[in-house]
Amino acid sequence: MTKENPRFYKSEKKPIWCPGCGDFTVLTSIAKALSQLQLTREEVAIISGIGCSSRLPAYTSVYGFHGIHGRALPIATGLKVARPELTVLTVSGDGDCFSIGTNHFIHACRRNVDMTLIVMDNHIYGMTKGQVSPTTEIGCDDKLSAHATDIQPLQPLALALISGASYIARAYSGEPAQLTDILVGAIQHPGFSFIHVLCQCVTYCPEQKGWKKLVQPFAETTSDYAKANQIIEQDNGLQTGVVYNNSRTVWPKEKTQVRVKSVDELDKQFIK
Amino acid sequence: MGTQDLSLVITGPGGEGVIAAGELLLKTAAQMGYYGLLKKSFGAQIRGGESSAMLRFSTESVECLGSVFQLMLVMDWKIITPFIDELAFNKDTLIICDQQSAEIPEAIINSQAQVCRIPLTKLAKQLKTQINMIGVGLLAQLLGLPVAQLAAITKQQFQHKEVALIDSAITGIETGYNYQLPVEFTALSNLDSHTKNYWLYTGNQLIGLGALKAGIRFVAAYPITPATDLLEWLAVNLDKVGGTLVQAEDELSSINMIIGASYGGVPALTATSGPGLSLMSEALGLAIASEIPLLVVNVNRGGPSTGIPTKSEQSDLNQALFAMHGDAPHIVTAPIGISDCAFTSGWSVNLAEQLQCPVIMLSDQFIGHSIVATAKPPFFQRTAERETAQPDDNYQRYLNTESGISPMAIPGMANGMYTADGLTHNEQGHPCTLANIQQQQLDKRQRKLLQYDYGPHWGQVDHCGDIKIICFGSIRSIIFDALTPLTNKGIDASLIALRLLAPLPIKQLQGALSAATHIIVIEQNHGGQLFHYLASQLFYQAGFSAKLHSFAKPGPVPFSSAEIVQFVEHATLLNKQGETAND
Ligand SMILES: Cc1ncc(C[n+]2csc(CCOP(=O)(O)OP(=O)(O)O)c2C)c(N)n1
Ligand code: SF4
Ligand SMILES: [Mg+2]
């Protein structure tokens, strides 16, 4: 098998996901995007946290790190800053990224390290069997309360924008070709790119199959912050496409150069 | 004949240049050939709180203060009175204080220390100079330090300041130096051998230097006292050697960032203190399970919770040993004192890299913040690098080798692609819940630490004697100072300082303790953490007939060698009289 074949980027392992889970499409789209970009497998690393979605790295044939709940972005940041020549992707879930790991999400957007974040948002904690997540809609069943949830869902795109992300997109697991295109753009984008994927959980949110009829493309892609803000403000959470694509200084600016002949030169400052 | 070992303290409100004054004296004495120590002590406030520079000069290398201050310079009693119990003085102490300062506290009057009041504030106003500089001059006069050298060092230390300020500092020093003091004091004796080159460093800086020499090129951290200045040193110096420091958004992030960097093949560390270490414990478990080398330097401050950020303690031992859930073997080290910091940090990096596991190095505020003037410190000579793989198609990341160490593939290596995982995994790294796999991988991770030959570096043993004292970290030098007075009292004690706390070097300790009649564990925390750890790992074993004693005392006040002499004397004396002494 060669780089031209997306299957080249998948491993032999059989995913643990339920049949019909949106995570399958994301896996395939990632493989397709890596294939389209003709990336060498050992030069790519996919980092994740914990959740159904976070199981993804092991199903690819590139380097992977299945870390701990909420901390995928810091691992990815450390890797990318230490090894800038690698292509680094992070895959995460709505619980992983917008609940336990929200702080890292905000700071990854602001820091603008050159890497891509894919959040597979099913509006639910799949792995722990269906509790509400920060993106669960008001009125949904809440397993840890006697009532339906009555808390306002978090707006990932708005949070990404105000936090400084320079590439913001939404995709839908039912439209893999669009997701692949968006991924290619995101990986090529210099700086931090964020793809919010509506990713259906057939087991705990079967109604998400209805997304198919509801998703619609964003009216436009803009590089204007105010305009993006306006579009995102009016977003119903079911629009897809790249909504914001802007260039911003990537961090860190450049790889630091060795400026001493030997590390022993550091001794000098202590010798009086 | 002058004195050859002297401790003094300069105290005043924070922001009045107390520490700068101490540094000037330290450097001048060092140029005369004296070894020296400067312990900084601050209140919580940035400005205006109590602040002290505690100094010791000696003809031997020193890493702690003497039991009593022979000299005290007090700028303002009001600030220091609440903390007066934390200073050691007696009738032989000479105290110089400002005439205008508040009333002399009762404890000082009762001690019959000699107090000499000088119009410091008035003089400083008249001559448009600073009190701390007049103080430096006065102390230099009493200590017999050469004023010309002191002035030169002052100019150098303040070289980035305005000329007017430097001039006024020199005026202050000269004023103090020439002031007619109505008291007698035995100055430091002149040394024949002037040191041409001496080293001046803090423990924090030395940890950084040792780590960079051992190959650390990535640091992620979140600021926290008393580790911040270590990070600041690293930021500047990493840059010179082509490394990077990332200020993370919190410690959850910093520890995971270094996991990412080290997974990428770049040796990495973070530095923190108690609260930060607490936040890191889940990720430390991940590093253990996924077998990622890394170093966490924990500069212990007073705990629990926010505790006493600016003061020293050894109370994070339990956390360093046991914070992780599950069976999580890892390495815990501690420097044997300030000068040992580079050696231990270098060794710790080496252990982490070789054994593919996190190392927690337990330092403390005393070690981190004290400045010493001394000879060139020892450095660890790197013995081996991380064992990386030469992967082929059948590469197995977590191969169950005899040594327990599995060659590691690094992103970028062809054929090595694997997914590192915190889930229980098999040799390929695939998640797996089978009992035999759980057993195999737990065994492997334990075996690699237990089979490794730590050589002579596990600890340091000083003196012989049937009475064995065990400790770690900054208090070793204080206990060491108690050994000679104990010998003079007919008590022969041997001192064991542990550099390796986990895995506990059981065999080596058994050897060192073989003839013990008494084992005394001394540590600076409330609960006797080291004592209980040793009890559970070692003392419970058959053949331990020695009487066991725990001397545990929390911060913020350091131990004094005098109280250690007293404790050891009491503990061993009771036994001579046939009483049990299982305090
Ligand atoms: C520190 C910690 N807390 C809780 C858990 C339990 N846990 C595992 S996955 C998960 C939620 C995952 O939700 P999400 O990120 O949305 O992933 P999904 O399964 O929906 O794809 C939780 C709470 C954990 N593994 N670690
Ligand atoms: S529980 Fe939901 S999210 Fe998890 S694998 Fe099944 S369908 Fe996918
Ligand atoms: Mg989810």
Side-chain angles (χ1 to χ4, degrees), chain A residues 11 13 16 40-48 50 55 57-83 85-86 88 101 103-104 106-108 110-111 113 252 255-260 262-267 269-272, chain B residues 27 30-31 197-201 205-206 209 212-213 215 217-218 220 237-244 246 248-250 252-266 268 282-283 285-286 290 373 376 409-423 429-431:
Chain A
S11 75
K13 270 153 269 160
I16 57 154
T40 310
R41 289 190 300 187
E42 58 265 26
E43 299 294 337
V44 182
I46 305 187
I47 316 298
S48 69
I50 297 293
R55 286 294 193 111
Y59 308 138
T60 70
S61 64
V62 299
Y63 277 93
F65 205 130
H66 183 213
I68 48 175
H69 197 26
R71 316 295 163 216
L73 280 169
I75 295 181
T77 303
L79 177 60
K80 180 67 188 184
V81 174
R83 295 285 310 279
E85 70 282 13
L86 298 174
V88 178
N103 196 27
H104 310 312
I106 293 169
H107 291 279
R110 78 164 261 264
R111 217 176 258 124
V113 172
K255 193 168 162 54
T256 36
Q257 299 301 318
V258 181
R259 290 192 277 111
V260 289
S262 137
V263 66
D264 294 334
E265 267 184 45
L266 303 181
D267 292 359
Q269 59 196 294
F270 298 111
I271 303 170
K272 305 289 163 186
Chain B
K27 288 179 190 166
Q31 244 178 37
N197 286 325
Y198 65 94
W199 280 58
L200 189 79
Y201 52 75
Q205 292 168 337
L206 212 54
L209 182 62
L212 295 193
K213 288 194 186 213
R217 291 296 178 271
F218 183 88
N237 289 279
L238 257 173
D239 195 54
K240 295 180 195 162
V241 298
T244 319
V246 180
E249 54 273 27
D250 54 34
L252 301 166
S253 183
S254 54
I255 181 83
N256 282 286
M257 284 184 183
I258 67 168
I259 289 176
S262 180
Y263 165 78
V266 178
E282 189 196 11
L286 172 65
S290 59
K376 182 179 180 179
I410 306 293
M413 284 182 184
N415 304 320
M417 289 81 79
Y418 75 102
T419 295
D421 210 319
L423 278 171
H430 303 167

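By convention in this document, chain letters (A, B, ...) are assigned in the order of the sequence lines, proteins followed by strands, and residues within each chain are numbered from 1.
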A.B. asks: What distance do Phe270(A) atom CZ and Tyr198(B) atom OH have between them, rounded to the nearest 0.5 Å?
C.D. replies: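 Those atoms lie 13.5 Å apart.
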A.B. asks: If I take atom CD from residue Gln269(A) and atom CG from residue Leu200(B), how far apart are they, to the nearest 0.5 angstrom?
C.D. replies: 11.0 Å
A.B. asks: Identify which of Ile106(A), Thr40(A), Asp267(A), Val81(A) forms the greatest number of heavy-atom pairs closer than 4.5 Å to chain B.
C.D. replies: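 Most heavy-atom pairs under 4.5 Å with chain B: Asp267(A).
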A.B. asks: Check this for me: does any side-chain nitrogen of one of Asp421(B) and Arg55(A) sit under 4.0 Å from a carboxylate oxygen of the other?
C.D. replies: no
A.B. asks: Under 4.5 Å, counting heavy-atom pairs only, tell me which of Gln257(A), Glu265(A), Glu85(A), Glu43(A) racks up the most with chain B.
C.D. replies: Gln257(A)
A.B. asks: Measuring from Arg71(A):CZ to Ile259(B):CD1, what's the distance to the nearest 0.5 Å?
C.D. replies: 11.0 Å
A.B. asks: Please look at Leu86(A) and chain B and tell me whether the side chain, the backbone, both or neither of the residue comes under 4.5 angstrom of a heavy atom of that chain.
C.D. replies: side chain
A.B. asks: Between Pro252(A), Ala82(A), Gly64(A), which residue shows the highest count of heavy-atom pairs closer than 4.5 Å to chain B?
C.D. replies: Gly64(A)
A.B. asks: Answer with yes or no whether the side chains of Glu42(A) and Asn415(B) bring together a donor and an acceptor at under 3.5 Å.
C.D. replies: no
A.B. asks: Is a donor on one side and an acceptor on the other found under 3.5 Å between the side chain of Arg83(A) and the backbone of Pro411(B)?
C.D. replies: yes
A.B. asks: Between Arg217(B), Gln205(B), Lys27(B), which residue shows the highest count of heavy-atom pairs closer than 4.5 Å to chain A?
C.D. replies: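 Looking at each of Arg217(B), Gln205(B), Lys27(B) in turn, Gln205(B) comes out on top.
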A.B. asks: How far does CG of Leu238(B) sit from CG of Leu266(A), to the nearest 0.5 angstrom?
C.D. replies: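 Here the interatomic distance stands at 9.5 Å.
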A.B. asks: Is Tyr63(A) reaching over with its side chain to a backbone N or O of Gly264(B), donor-acceptor style, under 3.5 angstrom?
C.D. replies: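 The answer is no, because no donor-acceptor pair under 3.5 Å joins these two groups.
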A.B. asks: Less than 4.5 Å apart, any side-chain heavy atom of Met257(B) and any of Ile75(A)?
C.D. replies: no
A.B. asks: Answer yes or no: is there an ion pair linking Arg111(A) with Glu249(B), defined by an N-O contact shorter than 4.0 Å?
C.D. replies: yes
A.B. asks: Could you look at Ala58(A) and say if it's the side chain, the backbone, both or neither that has a heavy atom under 4.5 Å from chain B?
C.D. replies: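 Ala58(A) touches chain B through backbone and side-chain heavy atoms alike.
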A.B. asks: Take Asn256(B) and Leu73(A) through the test side-chain contact (heavy atoms from CB on, under 4.5 Å) and record every step on the way to the result.
C.D. replies: CA-CA 9 Å; Asn256(B) 282 286; Leu73(A) 280 169; over 6 Å; no
A.B. asks: State, yes or no, whether a side-chain contact exists between Asp250(B) and His104(A) at a heavy-atom distance under 4.5 Å.
C.D. replies: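 They are in contact (side-chain heavy atoms under 4.5 Å apart), so the answer is yes.
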A.B. asks: Side chain from CB out, backbone as N, CA, C, O: work out which of these in Leu209(B) comes under 4.5 Å of a heavy atom of chain A, or both, or neither.
C.D. replies: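 Side chain of Leu209(B) only, per the 4.5 Å heavy-atom cut-off to chain A.
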A.B. asks: Checking heavy atoms, do the side chain of Val62(A), its backbone, both or neither come under 4.5 Å from chain B?
C.D. replies: backbone
A.B. asks: With side chains defined as the heavy atoms from C-beta onward, is the minimum distance between Tyr263(B) and Leu79(A) less than 4.5 Å?
C.D. replies: yes
A.B. asks: Report yes if some heavy atom in the side chain of Lys272(A) is under 4.5 Å from a heavy atom in the side chain of Trp199(B); otherwise report no.
C.D. replies: no
A.B. asks: I need the residue from Thr244(B), Val266(B), Asn237(B) with the largest number of non-hydrogen atom pairs under 4.5 Å to chain A.
C.D. replies: Asn237(B)
A.B. asks: Where does Tyr201(B) contact chain A at under 4.5 Å (heavy atoms): side chain, backbone, both or neither?
C.D. replies: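 Both backbone and side chain.
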A.B. asks: Which answer fits Val241(B), side chain, backbone, both or neither, if we ask what part of it has an atom under 4.5 Å from a heavy atom of chain A?
C.D. replies: both
A.B. asks: Counting heavy-atom pairs closer than 4.5 Å to chain A, which one of Gly422(B), Gly416(B), Ala248(B), Ala373(B) comes out on top?
C.D. replies: Gly416(B)
A.B. asks: Quick one: CD1 on Ile255(B) to CD1 on Ile68(A), what's the gap to the nearest 0.5 Å?
C.D. replies: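 Between atom CD1 of Ile255(B) and atom CD1 of Ile68(A) there are 9.0 Å.
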A.B. asks: Heavy-atom cut-off 4.5 Å, strictly under: side chain, backbone, both or neither for Ser253(B) against chain A?
C.D. replies: both
A.B. asks: Any side-chain heavy atom of Met417(B) sitting closer than 4.5 Å to one from Val44(A)?
C.D. replies: no
A.B. asks: Please flag which part of Ala283(B) lies under 4.5 Å from any non-hydrogen atom of chain A: side chain, backbone, both or neither.
C.D. replies: both
A.B. asks: Within this structure, what is the OG1-OH distance for the pair Thr419(B) and Tyr59(A), rounded to the nearest 0.5 Å?
C.D. replies: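 That separation rounds to 10.0 Å.
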A.B. asks: So for Ala220(B), is it side chain, backbone, both, or neither that comes closer than 4.5 Å to the heavy atoms of chain A?
C.D. replies: neither
